[in-house]
There are 2 protein chains.
Amino acid sequence: MDRIKRNERLAALTKLLTASPNQLFTLSHFCEMFGAAKSTLSEDVDILCDVYKRFGLGRLDTVTGAAGGVRYRPYIEREQAVAFLEGLCRELQTPSRLLPGGFLYLSDILSMPDIVRQMGIIIAGQFYDEAPDFVLTMETKGIPVALMTAQSMGVPLVIARRSSKVYEGSAVNINYVSGSSGHIETMSLSRRAVVEGQRALIVDDFLKAGGTAKGMIDLMSEFNVQVVGTAFVMATAHNAKRVIHGEKALMVMDEPEGGKLSIRPAEWLL
Amino acid sequence: MDRIKRNERLAALTKLLTASPNQLFTLSHFCEMFGAAKSTLSEDVDILCDVYKRFGLGRLDTVTGAAGGVRYRPYIEREQAVAFLEGLCRELQTPSRLLPGGFLYLSDILSMPDIVRQMGIIIAGQFYDEAPDFVLTMETKGIPVALMTAQSMGVPLVIARRSSKVYEGSAVNINYVSGSSGHIETMSLSRRAVVEGQRALIVDDFLKAGGTAKGMIDLMSEFNVQVVGTAFVMATAHNAKRVIHGEKALMVMDEPEGGKLSIRPAEWLL
């Protein structure tokens, strides 16, 4: 094989690191791959650190010590995150998005890959230190953003279902009260989906009273899993009936008044 | 701003191009961003083309003409795709994955970001020429792989639901016969989710008789949308009752016999 030039190594390193976010690679791993010395790779990593910083492309962390190496974490700078969410809020305030009953049409936004990717990166950025073992969501609309959060964190996604399915094997079912409607609903999770002692990050699309999120927290306690955080794409403002606390929502929505929608980026982001 | 070195430009270009797969960027766009001449950027692109080819990192296409530019498409080479699927098949043949009723436990695999990302890239690679406007799936288990397929193709994901929801607005509902059970089921899609005349790629997790896929095809014809292909993670082998044809499945599974699972990569891949 020809000697690989620095140019080429940097491009290849970028692709490899960004394809496996939050995974620690040893320098030796790359030395072998490229047939280059450790000092050379170390210089490569320094160059990439600078480039990523300069272009706002995420963070390249060097972890020292025996279990050390280099790790890429997608990251969106605060100003960029706010600009992205402000753009979304403008789009979501289009009057035609207001549905009968005061509901907001959000489904298109919630399954556009590039939009949910950015949402996932912003959410993940808040929870790296909590080191969750998996991301949990309740079907259906939160799945894309939860998947992208899981991808950024390099952990699996776990999906709770509305009822147990034959192809999920034995399952734990719980009943919970939907906060907004007051109805009793069921939530089901395959017994083999998670392992006792793990740490869960809950990600979902919409927070009103929080009945579903509370259900997920209760479900996790059945599995002896600790919930290390809750994040949502959208939350309603000033909900006195809310049963969960400490959540991170990306956007906040006022109760629609006279057919007018008011949506803004959440305060903790500003 | 300091003059940006080639090294740095290549790393930044790689990140920008891979973050927006299948999107055409004009060279002028990058010239402005980096303050570099068109001839310089043109050389950069040539270098990256070679690097990606050499490391199997996807394809960088240069499109000529007035509407031309450069476009990144994720791509997994055939041998790599087969090796990846062979590894998955081995994992899926673990006896504990066989559930009562002959069902296969697949949910964990279907929501691991890195696995569904690779599946999405392999599926997308088969359908770039069909130029779908969106990827369609039916909730729930196929959503992650369908989202990743949509991301690779740079198009939105559209999710059909089992029933119409207040937050989806007015919807088109159809009834269809679930091929395996013979039961009548309902499928619902918001009227505003798709536009007449668009082209759809159907992606789902499991193909048995194909009742659900047939339902999605019928649903699309209600919207005057053309289905340009159907793809699945897994299909059962030799299903005489199958009601759809021409599908691409990644893996094929024999009817479990005496508790033994037999799963292999699909033949069209070999």
Side-chain angles (χ1 to χ4, degrees), chain A residues 4-16 18-20 47-48 50-52 54-55 57-58 96 99-101 103-108 111-114 116-117 139-141 143-144 147-148 150-159 161-162 165-170 190 192-193 206, chain B residues 4-16 18-20 47-48 50-52 54-55 57-58 96 99-101 103-108 110-114 116-117 139-141 143-144 147-148 150-159 161-162 165-169 190 192-193 206:
Chain A
I4 299 155
K5 288 192 201 129
R6 168 147 286 157
N7 279 346
E8 302 174 341
R9 252 189 347 259
L10 294 183
L13 274 173
T14 294
K15 185 64 179 50
L16 292 165
T18 57
S20 297
I47 296 173
L48 288 182
D50 286 349
V51 175
Y52 293 1
R54 195 144 150 199
F55 291 96
L57 300 177
S96 63
L99 300 172
F103 292 94
L104 178 69
Y105 183 69
L106 201 61
S107 301
D108 55 345
S111 56
M112 284 186 184
D114 189 52
V116 290
R117 186 183 63 83
E139 63 177 340
T140 297
K141 279 162 63 207
I143 296 175
L147 178 71
M148 291 302 194
Q151 185 182 37
S152 285
M153 307 199 91
V155 298
L157 170 67
V158 171
I159 303 172
R161 308 294 300 261
R162 261 178 232 98
K165 306 287 176 188
V166 285
Y167 43 76
E168 301 268 6
S170 65
S190 171
R192 54 180 95 195
F206 209 99
Chain B
I4 299 153
K5 288 193 202 129
R6 167 148 286 158
N7 280 347
E8 303 174 341
R9 249 186 353 256
L10 294 184
L13 273 174
T14 295
K15 185 65 178 48
L16 292 165
T18 58
S20 297
I47 295 173
L48 288 182
D50 285 349
V51 174
Y52 293 1
R54 196 143 149 198
F55 291 96
L57 299 177
S96 63
L99 300 171
F103 292 94
L104 178 69
Y105 183 69
L106 202 59
S107 300
D108 56 343
L110 288 175
S111 56
M112 285 186 183
D114 189 53
V116 289
R117 186 182 64 82
E139 63 177 338
T140 299
K141 279 162 62 205
I143 295 175
L147 178 72
M148 292 302 195
Q151 185 181 37
S152 285
M153 306 198 93
V155 298
L157 170 66
V158 170
I159 303 172
R161 309 293 301 260
R162 259 176 235 100
K165 306 286 176 189
V166 286
Y167 43 76
E168 301 270 6
S190 171
R192 53 180 97 195
F206 210 100

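Just the heavy atoms: all of them, side chains too, but no hydrogens, waters or symmetry mates, feed the values below. Everything quoted here is computed from the prediction, not taken from an experiment.
Only the side chain of A:L48 comes within contact range of chain B, with heavy atoms under 4.5 Å apart. Only the side chain of A:S190 comes within contact range of chain B, with heavy atoms under 4.5 Å apart. Only the backbone of A:V155 comes within less than 4.5 Å of a heavy atom of chain B; no side-chain atom from C-beta onward does. With a threshold of 4.5 angstrom between heavy atoms, A:R192 approaches chain B through its backbone and through its side chain.
For the options A:T140, A:I143, A:V158, heavy-atom pairs under 4.5 Å to chain B are most numerous at A:T140. Among A:L13, A:T14, A:D50, A:L99, the residue making the largest number of heavy-atom pairs under 4.5 Å with chain B is A:L99. For chain A, the option among B:M148, B:R161, B:K165 with the highest count of heavy-atom pairs below 4.5 Å is B:R161.
Scanning for side-chain hydrogen bond (donor to acceptor under 3.5 Å, both in side chains) contacts around B:S107 gives A:E168, with sequence neighbours left out. Residues satisfying the side chain to side chain contact (heavy atoms under 4.5 Å, CB included) test with A:D114, not counting sequence neighbours, are A:R117, A:Q118.
Side chains of B:I47 and B:R6 form a contact here, defined as non-hydrogen atoms less than 4.5 Å apart.
Taking each heavy atom of A:I159 and B:S111 in turn, the nearest pair found is CD1-CB, 4.4 Å. Heavy-atom minimum distance, A:E139 versus A:R162: OE2-N, 2.6 Å.
Applying side chain to side chain contact (heavy atoms under 4.5 Å, CB included) to A:Y167 and the options B:F103, B:F206, B:Y105 leaves one that passes, B:F103.
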